[in-house]
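Report on the following structure.
In the text below, chain A, chain B and the rest are named by the order of the sequence lines, each starting its count at 1.
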Amino acid sequence: MPPQSRQGGCFFHNPVNKSTNQHSMEYRPSDIEPKWRKWWRENQTYRIDNRNGKPKFYVLDMFPYPSGAGLHVGHPLGYIATDILSRYKRLRGFSVLHPMGFDSFGLPAEQYAIQTGIHPAISTEQNIVRYREQLDNIGFSYDWEREVRTSDPRFYKWTQWIFMQLFNCYYDRDADKALPISHLTEIFSKKGNKAVNASCDDDTPVVSAEEWNAMSEREQQLFLLKYRLTYPGEAYVNWCPALGSVLSNDEVKDGVSERGGHPVERKLMKQWNMRITAYADRLLDGLEAIDWPESIKEQQRNWIGRSAGASVRFAVDGHEGVEIEVFTTRLDTIYGATFMVLAPEHELVSRLTTDEQRQEIDSYIKWTASRSEVERMSEVKKVTGAFTGAFAINPFNGERIQIWIADYVLAGYGTGAVMAVPSGDQRDWLFATHFDLPIIPILDAQEGLENAADPTKEGRYINSGIINGMTYAEAVPTLIQWLEERALGKGKIQYKLRDAVFSRQRYWGEPVPAYWKDGVPHLIDERDLPLVLPNIDKYLPTETGEPPLARAENWRYAPLNGEGEERYEYEHSTMPGWAGSSWYFYRYMDPHNEDAFCSKEASDYWQQVDFYLGGSEHAVGHLLYSRFWNHFLHDLGLVPHREFAKKLVNQGMIQGRSNFVFRAKESFFEQYLHLKVLKPFFAEHGPMRIAKTEVEGSFKYDFAFGTNDLAIEVTSWKQEEKIERVRKTAHGDGKRLMVLYSETLIDHINEPEAIAEKVRQALESRENFIADLERPVCEQLFVSQSLLYKYHPDSFTKLHVDVGVVEADVLNLEKARRLPMFEKANFKLDPDKKYICAWEVEKMSKSKYNVVNPDDVVAEYGADCFRMFEMFLGPITDAKPWNTQGITGVSGFLKKFWRLFFSGKDGAFSVTEDTPTAEELRALHHCIKKVTDDVERMSMNTCVSHFMIATNDLHRLNCAKRTILEPLVVMLAPFGPHIAEELWHRLGHATTVCDATWPTHNEEYLKSDTKEYPIQINGKLRATVTLPTDVSKEDAEKAALALEQVQKWLDGQAPKKVVFVPGRMINVVV
RNA sequence: GCCCGGGUGGUGGAAUGGUAGACACGCAGGACUUAAAAUCCUGUGGCUGUAGAGGCCGUACGGGUUCGAGUCCCGUCCCGGGCACCA
């Protein structure tokens, strides 16, 4: 018996005392797991304080959207991994923040509200309760005191507050940070806007101080919108009149709405924007400083799409005043530009085309227009184009170059014009080769130009006027300076990034804390936050197409809160899903603060997220917008770091493994009858043939025997008309007719002899019409996948079947028959009496019947087993299909681990205080070393393996010693917290295992006197020899060469060389 | 087309340039049992073989570096993800 707890407060809570008297000491997760979850809750084991002397560690999961479908086994994969990391860090003495919350604004709840009229807050609350239950079931160490919900007014108050700060700021490029608008207006009033280097709209006019001061208040406010970091603008959206809503890009398929297939139109709508473009450079540069997956960084770089280059204006020969502007990232290649290509849609095409070329150009444009976007994009290798007859002048050398049009240049990109450099660009090279245009080498390092372009930047320029002999680094500034001096162009940085649309014409989102007065938006007073979402009668747009919030009655703002004062309309759109998730990680630090989104004290302690885990699908949405907001909050001095997450890891998706069954179609039964039943009769009654004459578009009979007057028709007994028709035909032909109901075949599907017997009787009978009078039982037949190859593939309908009734791809017939789809079904089984299902890996989703609920797995194997199995599947970063094959291995491990402690008589607790042997210590310390290393690098799957190895070793050694087992319990605690807590208390501890200390390994115990050295001959393993670990090179070589195996390979010769790697191997080179 | 991953037994997967296939599933055989479950033991990359010896092949394919390559380099093919002619 373990020594009893004496630690007052915890004594009553120590549930071990209740269960120690139970006679069986079997490992029963269903007993111990709920017990400890309750205990943790009562003892507030996972509560974490902001004030303590420990070093901090912040582990964050991407919080889930609480959907109605509940949690599936894919969600917890990341949560388990971070839970292990968190518990591990805690055991290593860190104060760990590991919170969870809900991204609870979103479309599905709104869609549900539209259908049912139930307020999204209610359905969301229900879904959250369900998620909580499911999460709690898995034994996570979240501090639920810190839970956040983005749809909670106490939370979105601060989302709105941050929005207001954005509205009140502009981006000052000289200060390289956001500054208050008041700073801007001060400069405007003294020096005009030319004195400010700030991010603003492209069309912002230059105003002097006088002009600014002469503006009305309203005009000034409108002007300032061009600078604010959030501002109302106009944007094209996918408007679907039939659904009365705006759709996201992926809700639109082939120009119609995905749901319902309604037409979608591009509509210009007033939308709030976020001036994220102001931060483009910082978002790009910031990537260097963070430990995020390269693929995510790359996606963000591509999204930001910064390209440094130059815009150059080309004059057109014979067209005074006409200039074609091109943007190029390789200005250094301009002397190699031997022609120019315009998009067929380019506005100058018609003007520049000469009369001789007019017809060719027109027909090319016509042809282009007929091609779909897909064609234009996919036919990369095909070169097409047409010459306009016009010539552009290269500003650097005055060369006349031909102007062509080609559909590989798109009007929407850049200026819709390209200067073509065939020696450096492969597409231009193909074009030049095809149309026999000149190719001029421009760098002495370019090679193989007769076969392909060479885009190198190496070497020195040739044929390149003012940059001849220069390197790339020298050439670019020289060219730009030349251009700028002559005002023919300028150095330019282009971004693909656009300002982010921040409005949604939806109900279930954060209201924008602004109201409209004379067409100008104003912020509401901070005192009036949160601006709470009003109730409305229907969750749909108004008849006039206004967003749902326009339905709210009397929802207007009184800036002075005065009675009888004029009230103004609030903004009616709401914020997008990414608003709340762009800063939520700070709220966890200080979740109940009513005076700030997060106190300085809290953010000073927790700093930034140390480890963030989530899916890569958020690469450019959430993860870019969060960085943007964080940079902004940092500019305001509200958060300590520019980047909110130091390290990010992507978890792989757990895919569903769908199972399929095959339902037989009519034609299957004819094939079946032929193959399984009729063949034995051929010898006797001649080969079966199908009557050639067609009746009413189908064959006369399914089967008829050559030497017998019997015809056989296979059909459903419900097809009374058909049966009657065939019967008449048979009568006319003088044939006897047997009708075999397909349902009868289904009833006897696994016993073809029964049907054969019916046919035999029919053949011997003299009756003209033979059909069963009994009504068959089954109506549908499902054929095992293993039998399909015998039949025509079109004879089956492939259907998803609930994976819950399939075990290892074998259909559980008993369970399956309870499903409606199999209610009147029979199954054609393979010779092993099994129904084999087909399988495919697909996204896990309700509609594919492949969703596996963690609760079911937890109920069967326990939460600890579930946790460890998910980890055991493989590296967390890899995508993999869910497959419980193999869970028994983890389950067996836990039982085995448990038995280490209960190996006494009748499974009594049997841990001893004996001194461990060297071998036992080696097993333990090897495990400590491996698991510690592996947790640090998030290799949870190999950790589980090492626990298994240690357990197997200790079993073999019959080890039940506290010195060995107790450290193992501590190490297991992050992985299987329930079993560890139970064993920890059994070992006599009264406080939680979470506060134990992670063991450290002692290299001394791992040392071994001998080592089995592999002996290689020319790098191939040929023998092994056991040598002292600290064997000298000479002795090792001597021992190796003495081996019979080695002598055989040496064949009397001396070795050329012997390589000895101490502690590793010996390689003899012959 | 470009960018980023990846390709290892029947399966999931191990392997700081140093004994490829740890650990587990599955499968086969055995022990215990009236039986089953549970548990335990043995075997399990392929071919060959004198079969508990030995040999050959083997980490997508072809080369290379190295005493030694799953790992590093070059080229090819295939799979997954991202971007879409970004000039």
Side-chain angles (χ1 to χ4, degrees), chain A residues 26 293-303 305-307 309-312 326-331 333 337 340-341 343 373 376-381 406-410 412-421 424-428 494-496 616-617 619-620 650 652-653 808 869 872-875 877-881 883-893 895-896 899 930 933-934 939 941-952 955 1012-1024 1045 1048 1055-1070:
Chain A
E26 220 179 299
E294 202 43 53
S295 62
I296 295 280
K297 290 189 186 181
E298 195 58 28
Q299 281 182 59
Q300 295 208 348
R301 284 189 199 110
N302 290 339
W303 189 263
R306 179 191 153 113
S307 47
S311 73
V312 186
V326 301
F327 175 77
T328 174
T329 51
R330 286 296 302 272
L331 182 61
T333 64
M340 179 174 281
V341 188
E373 280 291 313
R376 277 179 74 162
M377 284 196 271
S378 59
E379 289 175 15
V380 179
K381 296 236 163 69
D407 67 0
Y408 76 85
V409 178
L410 294 186
Y413 282 106
T415 58
V418 181
M419 65 172 218
V421 183
D425 181 284
Q426 183 58 17
R427 180 170 279 284
D428 296 342
Q494 270 198 345
Y495 297 93
K496 217 165 72 179
S616 58
E617 67 271 24
V620 286
N650 285 133
M653 201 200 326
F869 177 63
F872 193 58
L873 281 173
T877 48
D878 290 4
K880 57 223 140 208
N883 187 349
T884 49
Q885 276 177 18
I887 196 167
T888 52
V890 175
S891 173
F893 154 73
K895 289 177 191 165
K896 204 166 174 179
R899 283 201 308 275
K930 288 295 193 177
D933 283 356
D934 289 354
S939 173
N941 55 329
T942 50
C943 289
V944 179
S945 296
H946 291 301
F947 284 124
M948 289 173 168
I949 293 167
T951 304
N952 289 344
H955 256 279
E1012 194 190 21
Y1013 273 92
I1015 309 298
Q1016 298 175 342
I1017 308 289
N1018 294 339
K1020 272 193 192 291
L1021 179 75
R1022 295 296 175 185
T1024 56
Q1045 286 291 339
K1048 192 177 116 190
K1056 278 188 189 160
K1057 188 176 179 182
V1058 180
V1059 180
F1060 172 65
V1061 182
R1064 279 290 181 191
M1065 42 63 70
I1066 300 160
N1067 188 13
V1068 180
V1069 185
V1070 181

Taking atom [atom1] in both [N] and [M], compute the distance separating them and give it to the nearest angstrom.
| N | M | atom1 | result |
| --- | --- | --- | --- |
| B:U16 | B:G9 | C1' | 25 Å |
| B:G29 | B:G80 | C1' | 41 Å |
| B:U19 | B:U59 | P | 16 Å |
| B:G70 | B:A20 | P | 9 Å |
| B:G54 | B:U76 | C1' | 37 Å |

Evaluate the side-chain contact (heavy atoms from CB on, under 4.5 Å) criterion for residues A:Met419 and A:Thr333: first the C-alpha distance (whole Å), next the side-chain angles of each, then the deciding distance (0.1 Å), finally the verdict. CA-CA 9 Å; A:Met419 65 172 218; A:Thr333 64; 3.7 Å; yes
Send over the distance from [X] [atom1] to [N] [atom2], rounded to a whole Å.
| X | N | atom1 | atom2 | answer |
| --- | --- | --- | --- | --- |
| A:Phe1060 | B:G18 | CZ | P | 16 Å |
| A:Ile887 | B:G13 | CD1 | C1' | 16 Å |
| A:Ile296 | B:C4 | CD1 | C1' | 11 Å |
| A:Ile949 | B:G21 | CD1 | C1' | 13 Å |
| A:Arg330 | B:C86 | CZ | C1' | 15 Å |
| A:Met1065 | B:U16 | CE | P | 16 Å |
| A:Asn1018 | B:G18 | CG | P | 19 Å |
| A:Arg301 | B:G82 | CZ | P | 18 Å |

5'-most contact on RNA chain B: A:Arg1022 or A:His955, nearest heavy atom basis? A:His955
When the nearest nucleotide of RNA chain B is assigned to A:Asn1067 and to A:Leu873 on a heavy-atom basis, which residue is associated with the more 5' position?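 It is A:Leu873 whose nearest nucleotide is closer to the 5' end.
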Any donor-acceptor pair under 3.5 Å between the side chain of A:Asn302 and the base of B:C83? no
Is A:Arg1064 side chain donor-acceptor paired with the B:U16 base, going by distance under 3.5 Å alone?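 Present.
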Which listed nucleotide ([options]) is nearest to the side chain of [X]?
| X | options | value |
| --- | --- | --- |
| A:Lys896 | B:C40, B:C67, B:G26 | B:C40 |
| A:Val1069 | B:C67, B:U19, B:C25 | B:C67 |
| A:Phe872 | B:G12, B:U39, B:A87 | B:G12 |
| A:Glu298 | B:C3, B:C40, B:U19 | B:C3 |
| A:Val418 | B:U39, B:A14, B:A87 | B:A87 |

Which part of the nucleic acid does A:Pro293 contact within heavy-atom distance under 4.0 Å: base, sugar-phosphate only, or nothing? nothing
Looking only at side-chain N and O atoms, does [X] come under 4.0 Å of OP1 or OP2 in [N]?
| X | N | value |
| --- | --- | --- |
| A:Ser945 | B:A14 | no |
| A:Asn941 | B:C23 | no |
| A:Asn952 | B:A24 | yes |

Side chains of A:Phe872 and A:Met948: does their closest heavy-atom pair fall under 4.5 Å?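 Yes, their side chains come closer than 4.5 Å.
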For B:G5, does the O4'-C1'-N9-C4 (purine) or O4'-C1'-N1-C2 (pyrimidine) torsion place it in syn, i.e. within 90° of 0, or in anti? anti
Side-chain donor-acceptor pair under 3.5 Å between A:Asn1067 and A:Lys1057, yes or no?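 No - no donor-acceptor pair under 3.5 Å links their side chains.
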Paired runs of 3 or more consecutive Watson-Crick or G-U pairs involving RNA chain B, with both pairing distances under 3.5 Å, are B:1-7 with B:77-83, B:10-12 with B:23-25, B:26-31 with B:39-44, B:45-48 with B:54-57, B:60-64 with B:72-76
Within a 6.0 Å radius of atom NZ on A:Lys297, are there more than 12 heavy atoms belonging to other residues, nucleotides or ligands?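 Result for NZ/A:Lys297: enclosed.
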